[in-house]
Structures are given as structure tokens and as C-alpha cells.
*Asks:* 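What follows is a single structure, and I will ask about it in a moment.
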Amino acid sequence: MEILAEKGVVGHIGGHFFDIQGKKSGTTLAERMIGVDIEDLKKCKETICIALGEEKSEAVLGAVRGGYIKTLIIDDKCAEKMIKYME
């Protein structure tokens with residue numbers, strides 16, 4: 001995880017890692033994943049993210065910017081921290 005953080009990774013969806021701008025970060029782990037590709041999430045009619053706490057704010061912001069989620073449910077702590085990152 002430290003190596004991923006050094007590369008700017010803030011979160012992942014199904015093992016597909018991304019930065020705070022929502023750009024995919026290629027890893028050997030993602031290449032070995034079996035499942036939905038992160039780009040396929042953009043094509044889904046509905047994707048929902050539920051996150052609590054400010055420690056999730058960077059990952060949620062990256063997912064929103066990347067267009068990976070359509071509906072967002074977060075608490076006030078996460079929202080406040082996301083706003084600070086956007087300023």
C-alpha cells in the first residue's frame with residue numbers, strides 16, 4: 001500500500017486503483033483481476049458509493065472525478081474533507 005500511495009493512489013474499486021483525479025493507476029494486481037473493469041463502471045446505468053469518515057474523502061473524490069459512481073451517499077465528515085480537497 002505504501003508503494004501505491006507513493007504513486008498517488010488514493011483508492012480502488014474491485015482492485016482497480018486510481019488517483020485523486022480519478023485517473024487509473026496501472027498495477028500488476030489490476031492486470032490479474034477477474035471481474036468488472038473499472039471502465040465498465042462508467043457504462044453502468046447505476047453505480048452507488050456509500051462511504052463514511054474523512055479518511056475516505058480522497059478515494060471518494062477520485063471515484064467521482066473518474067466518473068465511476070453515479071449516486072453518492074456520504075456523511076458530513078467525508079463531505080467536508082472532500083470540499084477542502086476541491087478548494
Side-chain angles (χ1 to χ4, degrees):
M1 293 308 287
E2 290 177 19
I3 294 169
L4 292 172
E6 289 172 6
K7 292 183 176 186
V9 169
V10 296
H12 75 90
I13 297 174
H16 300 284
F17 298 92
F18 53 86
D19 66 15
I20 198 164
Q21 299 302 323
K23 296 178 185 167
K24 291 190 306 182
S25 179
T27 65
T28 57
L29 176 61
E31 294 169 5
R32 296 180 291 192
M33 294 297 295
I34 297 173
V36 176
D37 187 86
I38 197 165
E39 289 300 317
D40 290 335
L41 291 176
K42 294 180 181 182
K43 300 173 189 173
C44 289
K45 182 178 177 181
E46 186 63 53
T47 51
I48 301 169
C49 172
I50 301 171
L52 301 172
E54 63 181 33
E55 63 277 355
K56 298 286 186 174
S57 60
E58 289 178 297
V60 172
L61 183 55
V64 169
R65 287 177 171 166
Y68 307 130
I69 56 177
K70 308 272 188 312
T71 300
L72 179 60
I73 302 169
I74 56 176
D75 67 348
D76 60 331
K77 300 292 184 196
C78 186
E80 289 170 3
K81 191 76 170 206
M82 285 176 64
I83 291 168
K84 287 181 183 179
Y85 283 122
M86 291 186 291
E87 293 176 339

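What you see below is based on every heavy atom in this structure, not just the backbone, and it leaves out hydrogens, waters and symmetry mates. All residue numbers refer to positions in the sequence shown, counting from 1.
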*Asks:* Are the side chains of Ile69 and Val64 in touch, meaning some heavy atoms are under 4.5 Å apart?
*Replies:*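 Yes, their side chains come closer than 4.5 Å.
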
*Asks:* Hey, any chance Phe17 and Leu41 share a hydrophobic cluster, counting ILVMFWY side chains that come within less than 4.5 Å of each other, even indirectly?
*Replies:*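 No, because Phe17 and Leu41 fall into different hydrophobic clusters, even though each may have its own neighbours under 4.5 Å.
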
*Asks:* Less than 3.5 Å apart, which donor and acceptor atoms pair up between the side chains of residues 75-87 and the rest of the protein, not counting sequence neighbours?
*Replies:*
| unit_1 | atom_1 | unit_2 | atom_2 | d |
| --- | --- | --- | --- | --- |
| Asp75 | OD1 | Gly53 | N | 3.1 |
| Asp75 | OD1 | Cys78 | N | 3.0 |
| Asp75 | OD2 | Gly53 | N | 3.2 |

*Asks:* If every non-hydrogen atom of His16 is compared with every non-hydrogen atom of Ile38, which pair is closest and at what distance?
*Replies:*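 Here His16 and Ile38 meet closest at CB-CB, 3.7 Å.
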
*Asks:* Only counting residues at least two apart or in another chain, list the ones meeting side-chain contact (heavy atoms from CB on, under 4.5 Å) with Ala59.
*Replies:*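 Per chain and number, Ala59 pairs via side-chain contact (heavy atoms from CB on, under 4.5 Å) with no residue.
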
*Asks:* Should side-chain heavy atoms under 4.5 Å link Ile, Leu, Val, Met, Phe, Trp and Tyr, which residues sit in the same cluster as Ile73?
*Replies:*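 Cluster partners of Ile73: Ile48, Ile50.
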
*Asks:* Which residue pairs pass the side chain to side chain donor-acceptor pair (under 3.5 Å) test with at least one member in residues 44-53, sequence neighbours excluded?
*Replies:*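 Those involving residues 44-53 are Glu46-Thr71.
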
*Asks:* Do Leu72 and Leu61 land in one hydrophobic cluster if side-chain heavy atoms of ILVMFWY residues count as linked below 4.5 Å?
*Replies:*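 Same cluster: Leu72 reaches Leu61 through Ile, Leu, Val, Met, Phe, Trp or Tyr contacts under 4.5 Å.
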
*Asks:* Run the side-chain contact (heavy atoms from CB on, under 4.5 Å) test against Glu39 and tell me which residues pass, sequence neighbours left out.
*Replies:*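 side-chain contact (heavy atoms from CB on, under 4.5 Å) check on Glu39 returns Lys24, Asp37, Lys42, Tyr68.
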
*Asks:* Any donor and acceptor pair, going by atom type alone, linking the side chain of Lys70 with main-chain N or O of Cys44 inside 3.5 Å?
*Replies:*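 Looks like yes, one N/O pair under 3.5 Å.
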
*Asks:* Tabulate below the donor-acceptor pairs under 3.5 Å that side-chain atoms of residues 5-13 make, not counting sequence neighbours, or state none.
*Replies:*
| unit_1 | atom_1 | unit_2 | atom_2 | d |
| --- | --- | --- | --- | --- |
| His12 | ND1 | Gly15 | N | 3.2 |

*Asks:* If the condition is salt bridge (Lys or Arg N to Asp or Glu O under 4.0 Å), which residues does Lys43 pass it with, not counting sequence neighbours?
*Replies:*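 Checked Lys43 against salt bridge (Lys or Arg N to Asp or Glu O under 4.0 Å); matches are Asp40.
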
